[in-house]
Amino acid sequence: MKKLFGGIDLTWKKLIIAAVIAGIYTAITAIIPELQYTSFHTIAVSFEVWILFGIIIIMNSKSNFDSAIKCFIFFLISQPLVYLIQVPFSDLGWRLLGYYKYWFIWTVCCIPMGYIGYNMKKGKWWGYLILFPMILLTAYSYYGYFSDFLFYRPKYILICIFCVAMMILYPLAIFEDNKIRMTGLTISIAAVIALTAVNLLYPPVYSTEIMSNSEEHPFDDTYQVSLSDERYGIVEIIYMESIEDYMIHGEFKLAGSTVLTIESPDGVKTEYDLSVKRDMYTMKRR
């Protein structure tokens, strides 16, 4: 690990090749539908893996200026490449590049961040203060992805492990001073425990209305509604004053596929294949 964080001869050739590989890999994870809602897709939407790339560049640079320019060039190559590769596969076409504006702002910010970040190599206590925002961003990712893990389990477990590992590794690998290392380690472990506890105490729930009473799907409060597998959550028929009609309300705590059954008072059952995700569902009558 010490070699990774300071023992690499980071030539411009290596930097450019790494930027191209990172851009291509990220684009592929965004293009393949099967990788959505998995740990592999997270590199296309959040910071934690890119933070690792940035820290590796900083720790293997030769000066503040070298660090700033190499961070900037790495992201200037990799980020546009992510979108350019996706263009032929996206319904948005070239309009997809509109999303790059957000990442370009962060790319420009890499210049001061790389310049300031190089000071971590001096091994002083204030070097940890420079590192701390990166740990906070990684902790924020862990908090969100651990919540996703609880909803999609076992998906997202790899990115959760990655975030925890990086929060612990950064202070240990970057600094030589044992006081700084132990302080950083303690803060990271405490953050992991706290964020894990919050998610376990308040697990994710997807609350939504599934369907309303209609001629095609008639029901009222005399009907019964249920899921074939109650692990996914609960469903109930409620009366909504706002529309003055009955609706089926769902409280889902697990992603996946199950069967929703509506039973009339005379025992006639209507079944629907129900697929649940974190913020959406699809349903089809059997």
Side-chain angles (χ1 to χ4, degrees), residues 26 29-52 99 102-103 133-168 187-212 224-240 242-243 246-262 271-284:
T26 304
T29 64
I31 291 169
I32 299 176
E34 289 77 12
L35 294 182
Q36 291 189 2
Y37 303 102
T38 70
S39 297
F40 299 102
H41 185 258
T42 58
I43 190 174
V45 295
S46 52
F47 289 123
E48 61 288 331
V49 177
W50 298 101
I51 288 172
L52 172 62
Y99 290 99
Y102 171 77
W103 290 100
M134 301 301 100
I135 293 178
L136 280 181
L137 285 172
T138 304
Y140 180 78
S141 290
Y142 171 70
Y143 176 72
Y145 287 131
F146 187 71
S147 178
D148 287 337
F149 161 71
L150 293 177
F151 198 84
Y152 286 98
R153 55 187 182 270
K155 294 180 178 180
Y156 289 102
I157 185 61
L158 294 179
I159 192 63
C160 290
I161 293 172
F162 173 84
C163 289
V164 171
M166 292 305 104
M167 290 171 65
I168 291 172
I187 292 173
S188 292
I189 291 176
V192 169
I193 293 173
L195 295 174
T196 301
V198 170
N199 268 314
L200 293 175
L201 289 172
Y202 304 98
V205 175
Y206 172 36
S207 179
T208 185
E209 270 59 63
I210 300 172
M211 69 165 65
S212 60
Q224 299 292 322
V225 62
S226 62
L227 297 176
S228 61
D229 191 337
E230 295 183 351
R231 292 180 306 156
Y232 291 96
I234 60 172
V235 288
E236 59 181 339
I237 296 174
I238 62 173
Y239 183 79
M240 295 193 68
S242 58
I243 62 172
Y246 292 94
M247 295 198 74
I248 295 178
H249 176 77
E251 296 279 335
F252 301 109
K253 56 185 180 180
L254 184 66
S257 298
T258 185
V259 176
L260 182 145
T261 302
I262 302 175
E271 295 183 332
Y272 300 84
D273 290 317
L274 179 66
S275 178
V276 178
K277 292 184 173 61
R278 183 70 183 266
D279 54 2
M280 64 176 289
Y281 69 90
T282 57
M283 189 167 66
K284 184 178 180 180

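When a residue number appears, it is its place in the shown sequence, counting from 1. Just so it is clear, the structure is predicted and the values come from calculations on it, not from any experiment.
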When you look at CD of E230, are more than 12 heavy atoms from neighbouring residues, nucleotides or ligands closer to it than 6.0 Å?
-> no

Got L52 and M166 here, is their nearest side-chain heavy-atom distance under 4.5 Å?
-> yes

Indicate yes or no: at least one non-hydrogen side-chain atom of M211 is less than 4.5 angstrom from one of I262.
-> yes

Note, F149 side chain near I159 side chain (heavy atom, < 4.5 Å) = no

State which residues pass ring-ring contact (aromatic ring centres under 6.0 Å, His included) with Y142; sequence neighbours excluded, sorted by chain then number.
-> F146

What residues form a side chain to side chain donor-acceptor pair (under 3.5 Å) with S147, not counting sequence neighbours?
-> R278

ring-ring contact (aromatic ring centres under 6.0 Å, His included) partners for Y140, two or more places apart | none

Of all the heavy-atom pairs spanning I51 and T138, show the shortest one and how long it is.
-> CD1-OG1, 3.9 Å

State, yes or no, whether a side-chain contact exists between L260 and V235 at a heavy-atom distance under 4.5 Å.
-> yes

With sequence neighbours left out, write down each residue that passes side chain to side chain donor-acceptor pair (under 3.5 Å) with S228, or none if nothing qualifies.
-> T258

Might you confirm whether atom OH of Y99 has over 12 heavy atoms from other residues, nucleotides or ligands at distances under 6.0 Å?
-> no

Can you check whether Y145 and Y156 have ring centres sitting under 6.0 Å from each other?
-> yes

Keeping to residues at least two apart or across chains, list the side chain to side chain donor-acceptor pair (under 3.5 Å) pairs with something in residues 200-209.
-> S207-H249, S207-E251, E209-H249

Under the side chain to side chain contact (heavy atoms under 4.5 Å, CB included) test, which residues partner S275, sequence neighbours left out?
-> S257, K277, T282

Who pairs with Y272 by side chain to side chain donor-acceptor pair (under 3.5 Å), at least two apart in sequence or on another chain?
-> H217

Listed by chain and number, what are the ring-ring contact (aromatic ring centres under 6.0 Å, His included) partners of Y37, not counting sequence neighbours?
-> Y152

Verify, without hydrogens or angle tests, whether Y281 (side chain) and I210 (backbone) share a donor-acceptor contact under 3.5 angstrom.
-> yes

Between W50 and I43, does a side chain to side chain contact (heavy atoms under 4.5 Å, CB included) hold up when you go through it step by step?
-> CA-CA 7 Å; W50 298 101; I43 190 174; 3.5 Å; yes

Pairing residues for F151 by the ring-ring contact (aromatic ring centres under 6.0 Å, His included) criterion, not counting sequence neighbours = none

Side chains of M167 and V192 in contact at under 4.5 Å (non-hydrogen atoms) | yes

Sequence-distant partners of Y246, side chain to side chain donor-acceptor pair (under 3.5 Å), two or more places apart | D221

Any side-chain heavy-atom pair of M283 and D273 under 4.5 Å = no

For I161, check side chain to side chain contact (heavy atoms under 4.5 Å, CB included) against everything at least two apart and list the hits.
-> I157

